[in-house]
There are 2 protein chains.
Amino acid sequence: MKIGELARLSGLTPSRIRFYERIGLLKTVDRRPNGYRTYPQQAVMILGLITTAQRAGFTLDEIRTLLPPDLEHWDHATLMDALTRKIADIEALQARLAQSRVHLLRLIEDIQARPDDMDCAANAHRVLTNMLAEQPEALDVTSDDIRLLDKTNRRQSVSPGRRKKMASR
Amino acid sequence: MKIGELARLSGLTPSRIRFYERIGLLKTVDRRPNGYRTYPQQAVMILGLITTAQRAGFTLDEIRTLLPPDLEHWDHATLMDALTRKIADIEALQARLAQSRVHLLRLIEDIQARPDDMDCAANAHRVLTNMLAEQPEALDVTSDDIRLLDKTNRRQSVSPGRRKKMASR
DNA sequence: CCTAACGTTGAAGGTAGCTTTAAGGTCAAG
DNA sequence: CTTGACCTTAAAGCTACCTTCAACGTTAGG
């Protein structure tokens with residue numbers, strides 16, 4: 001199958017597939033005499049695997065080191081290790097998010113808790129001082145590869161101006 | 001106070017402070033006759049406010065539109081609105097993280113649940129098929145400005161090679 | 001007077017993950 | 001024989017948030 005069909009089947013754009021090949025995430029594919037790339041059925045599964053791994057929070061670099069040349073022969077130990085560490089990363093992130101959330105909730109409460117005898121300016125100062133005072137231990141996230149979510153997992157990184165329809169599921 | 005001292009007090013680098021000024025996040029400061037920037041005490045609080053807002057998930061753009069020219073006079077309605085929406089963003093992220101987490105946990109379980117009579121290659125195929133089959137509704141995150149965490153909230157975006165010590169909090 | 005530490009600027013670089021563009025070649029239908 | 005849909009490449013652009021560099025001026029201390 002040609003790249004366009006693979007793109008349709010996988011929900012990725014052709015440029016993205018070529019990009020993955022360029023950075024060595026996909027091994028170089030066979031070419032037809034005319035230079036067109038030609039993919040085996042399995043390619044759909046590989047791409048599905050990659051996007052799934054991305055949504056789980058793996059970087060393309062990580063995915064590359066984990067992906068075996070042959071889909072049937074994985075490095076079991078390394079894979080399990082990576083999965084386990086990624087879960088730990090997620091949990092660290094969850095802790096930070098939870099912290100940010102209560103921080104914001106407390107801030108809202110604090111703003112609304114303006115004493116009757118205080119004007120807005122003074123209240124602003126009170127809230128500010130409170131907020132800057134409470135800087136807890138900032139939840140030291142030990143793992144360095146927090147790369148979950150953000151753009152990668154966003155709806156679609158939309159170019160300035162017009163939107164594309166592009167499958168992307 | 002000069003920029004170096006402000007940097008020390010705030011924990012930011014001078015380049016970062018100048019950068020903030022350049023993008024209009026900080027209003028242009030007074031200069032001494034020699035051209036050096038000179039900051040009022042309040043600047044420390046403003047920078048603290050900015051980094052705190054960043055850690056809560058606000059982009060510099062958002063912060064700029066929220067920051068009043070005068071720290072005492074906020075746009076109460078807009079601020080509350082932004083805070084509320086940011087909390088909603090966080091909650092959406094939390095839901096996605098939770099989903100990713102159970103996804104990974106189930107994957108681990110599935111890998112380990114290899115039937116005794118199945119070899120590794122066949123098991124790999126079984127797991128892969130299972131995994132690609134279960135693509136739930138993907139938790140439609142509605143809010144578009146999910147920009148929480150990631151680099152911004154990372155330890156320190158370390159340049160390739162050597163590390164710096166730079167305060168950073 | 002020299003040196004080190006600080007300040008200034010504009011421009012360029014870096015990250016991650018793509019997309020877009022430019023400039024072309026190929027192919028099937030009408 | 002033309003049109004339009006597809007394919008190719010290398011290179012540049014995009015986003016957000018800074019850092020780094022080059023080239024220079026200023027200032028405090030010994």
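Sequence lines set the chain letters: A, B, ... in the order given, protein chains first and strands last, and positions in each chain run from 1. Bear in mind that the values here come from a model prediction, so they are computed numbers and not experimental data.
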Evaluate B/Met131 against B/Asp110 for side-chain contact (heavy atoms from CB on, under 4.5 Å), listing each step before the verdict.
CA-CA 9 Å; B/Met131 202 185 61; B/Asp110 198 21; over 6 Å; no
Between B/Leu6 and B/Arg37, is a side-chain contact (heavy atoms from CB on, under 4.5 Å) present by the stated rule, with each step listed?
CA-CA 10 Å; B/Leu6 178 59; B/Arg37 288 170 178 81; over 6 Å; no
Give the C-alpha distance, both sets of side-chain angles, the deciding distance and a yes or no for side-chain contact (heavy atoms from CB on, under 4.5 Å) between B/Tyr39 and B/Val44.
CA-CA 9 Å; B/Tyr39 295 91; B/Val44 181; over 6 Å; no
Show, in sequence, the C-alpha distance, side-chain angles and deciding distance for A/Ser10 and A/Ile17, and conclude whether the side-chain contact (heavy atoms from CB on, under 4.5 Å) test is met.
CA-CA 10 Å; A/Ser10 64; A/Ile17 298 172; 4.3 Å; yes
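Within residues 20-45 of chain A, the residues approached by DNA chain C to less than 4.0 Å at the level of any non-hydrogen atom are A/Tyr20, A/Arg22, A/Asn34, A/Tyr36, in residue-number order. Contacts with DNA chain C (heavy atom under 4.0 Å) in residues 46-53 of chain B: none are found.
Neither A/Tyr36 nor A/Leu47 shares a network with the other; the hydrophobic side chains, linked directly or stepwise wherever heavy atoms of I, L, V, M, F, W or Y lie under 4.5 Å apart, form separate groups for each.
The backbone N or O of B/Leu132 sits nowhere less than 3.5 Å from a side-chain atom of A/Thr52 that would complete a donor-acceptor pair. In terms of modelled atom types and a separation under 3.5 Å, the side chain of B/Glu62 and the main chain of B/Thr59 share a donor-acceptor contact. Within the 3.5 Å criterion, the main-chain N or O of B/Ile111 finds a donor-acceptor partner in the side chain of B/Asn123.
For B/Glu5 and D/dT27, the CD to P distance is 16 Å, given to the nearest whole Å. Atoms CD (A/Glu62) and P (C/dT15) sit 16 Å apart, rounded to a whole Å. If you take CD1 of B/Ile17 and C1' of D/dC18, they are 13 Å apart, rounded to a whole angstrom. The CZ-P distance, from A/Arg8 to D/dA5, rounds to 13 Å in whole Å. Between A/Phe19 atom CZ and C/dT15 atom P the separation is 13 Å, expressed in whole Å. As rounded to whole Å, 16 Å separates atom C1' of C/dT8 from atom CG of B/Leu6.
Using a 4.0 Å cut-off, some side-chain N or O of A/Thr13 falls inside it from OP1 or OP2 of C/dT19.
Heavy-atom nearest nucleotides on DNA chain D were determined for B/Asp61 and for B/Lys2, and the one closer to the 5' end corresponds to B/Asp61.
Taking the centre and axis of the six-membered ring of B/Phe58, the NZ or CZ atom of B/Lys86 falls inside the cone set by 45° and 6.0 Å.
In the set D/dC7, C/dT8, D/dC18, the nucleotide with an atom closest to the side chain of B/Arg18 is C/dT8. Checking C/dT19, C/dT8, D/dC17 against every side-chain atom of B/Gln54, the shortest atom distance belongs to D/dC17. Considering only side-chain atoms of B/Ser15, the nucleotide from D/dT19, C/dT20, C/dC18 that sits closest is D/dT19.
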